[in-house]
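Below, read A as the first sequence line, B as the second, and so on, with proteins coming before strands; counting in each chain starts at 1.
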Amino acid sequence: MPQANSVVVLDFETTGLSPNLGDRAIEIGAVKLVDGEVVDSFQQLMNPGFRVSSFIESYTGITNNMLRTAPSCDEVMASFSEFIADDNLIAHNASFDKRFLDAELERINCGYAGEFACSLLVARRLIQEAPSHKLGELVRYKNIDNDGVFHRALADAQMTAKLWLQMVEDLELSGIVNPSFEFMQTVSKTAKGKVNLLLAKSRV
DNA sequence: TGCCAGGCCCTCTTTAGGGCCTT
């Protein structure tokens, strides 16, 4: 059973957009939150077994030279599987990270018990006025502390965690008592036009 | 052979198309 008060916020850097087209993970970064506080983190480059494109080198700053000496995906993902344990999971555009997590873990016959929640879907509902819902733009829009590093796994996971906690805090300030992971999932699945009704009911 | 993501969400919608978001 997933731990009620423990959640892992994760982010993958990959060779492309689709594991179904042969793309692999090249870096995983994650932070573990317990009761809204960061208690642990995980970051590891991994060697996908082939050269990454110059686009990916440029986009992430992760070079083929850096990956040359990195441990294999199998090795890293086995370790990461232990890190996430049975926790629930959060990612920005979670469907993307879930596809890669599922694909990489399937290769080593590993699974996980937690469920995903998506900070992108929640942000589209709770921060509807933002000019963009890209992670970097939301961080800027909400004035969230960052070190200026983007498109690296741990930095993006840390920013996603801060964005998530900011959205939880905003809900608390609006009168919703202790919004749970499950409540945030419900928000993400509620039609944008009906979110305010959901929030109003949740304040009663 | 040639092509190639996938899910969400809006709208000039549902017998569809296209933008957003992730690398």
Dump the pairs, protein N or O against N or O of nucleotides 1-6 of chain B, anything under 3.5 Å, distances to one decimal.
{"residue": "B:dG6", "atom": "OP1", "partner": "A:Asn20", "partner atom": "ND2", "Å": "2.6"}

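The nearest whole Å value for the distance from the CG atom in A:Leu10 to the P atom in B:dT23 is 12 Å. Rounded to whole Å, the distance from CD on A:Glu57 to P on B:dT23 is 17 Å. In this structure, A:Leu163 atom CG and B:dC21 atom C1' are separated by 14 Å, rounded to whole Å. One interatomic measurement links the two molecules: NE2 of A:His92 to P of B:dC8, which rounds to 15 Å at whole-angstrom precision. When rounded to the nearest whole Å, the span between CZ of A:Arg124 and P of B:dG7 equals 14 Å. A straight line from CG of A:Leu120 to C1' of B:dC21 spans 6 Å, rounded to a whole angstrom. Atoms CZ (A:Phe50) and C1' (B:dT23) sit 12 Å apart, rounded to a whole Å. In this structure, CD of A:Glu104 is placed 20 Å from P of B:dT22, rounded to the nearest angstrom.
Comparing A:Ser188 and A:Asp11 along DNA chain B, the residue whose closest nucleotide (by nearest heavy atom) sits nearer the 5' end is A:Ser188.
In this structure, A:Phe55 reaches the bases: a heavy-atom distance under 4.0 Å links it to at least one base atom across the strands shown. Residue A:Leu121 is classed as a sugar-phosphate contact, given heavy-atom separations below 4.0 Å to backbone atoms only.
B:dG18 and B:dC12 have their C1' atoms separated by 12 Å, with the value rounded to a whole Å. A gap of 28 Å separates the C1' atoms of B:dA16 and B:dT1, to the nearest Å. Comparing B:dT15 with B:dC20, their C1' atoms are spaced 25 Å from each other, to the whole Å. Spacing between B:dC10 and B:dC3 at atom P, rounded to whole Å, works out to 33 Å. B:dT23 and B:dG7: their C1' atoms are spaced 16 Å apart (whole Å). Comparing B:dG2 with B:dC8, their P atoms sit 34 Å apart, to the nearest whole Å.
Between A:Glu104 and A:Arg24 there is a salt bridge, since a side-chain N of the basic residue sits under 4.0 Å from a carboxylate O of the acidic one.
Considering A:Asp86, A:Asp87, A:Asn88 in turn, A:Asp87 is the only one that fulfils the side-chain hydrogen bond (donor to acceptor under 3.5 Å, both in side chains) rule with A:Ser6.
Atom CG in A:Leu199 sits 14.0 Å away from atom NZ in A:Lys194 (nearest 0.5 Å). Residue A:Leu138 holds its CG atom at 5.5 Å from CG of A:Leu163, rounded to the nearest 0.5 Å. With values rounded to the nearest 0.5 angstrom, A:Phe181 atom CZ is found 10.5 Å from A:Thr186 atom OG1. One finds the OG1 atom of A:Thr14 at 11.0 Å from the CD1 atom of A:Ile28 (value rounded to the nearest 0.5 Å).
Counting heavy-atom neighbours within 6.0 Å of A:Glu106 CD, excluding the residue itself, gives a total of 12 or less. Atom NZ of A:Lys134 has 12 or fewer heavy atoms from other residues, nucleotides or ligands within 6.0 Å.
For the 3.5 Å distance criterion, the side chains of A:Ser18 and A:Asp23 fail to qualify, holding no donor opposite an acceptor.
Considering every non-hydrogen atom in both A:Ser119 and A:His92, the closest pair reads OG-ND1, 2.7 Å.
Regarding contacts with the backbone of B:dC21, a side-chain N or O of A:His133 is found under 4.0 angstrom from either OP1 or OP2. At the phosphate of B:dC21, OP1 or OP2 sits under 4.0 Å from a side-chain N or O atom of A:Ser132.
Of the residues in residues 150-157 of chain A, A:His151, A:Asp156 come within less than 4.0 Å of DNA chain B through at least one heavy atom, sorted by number.
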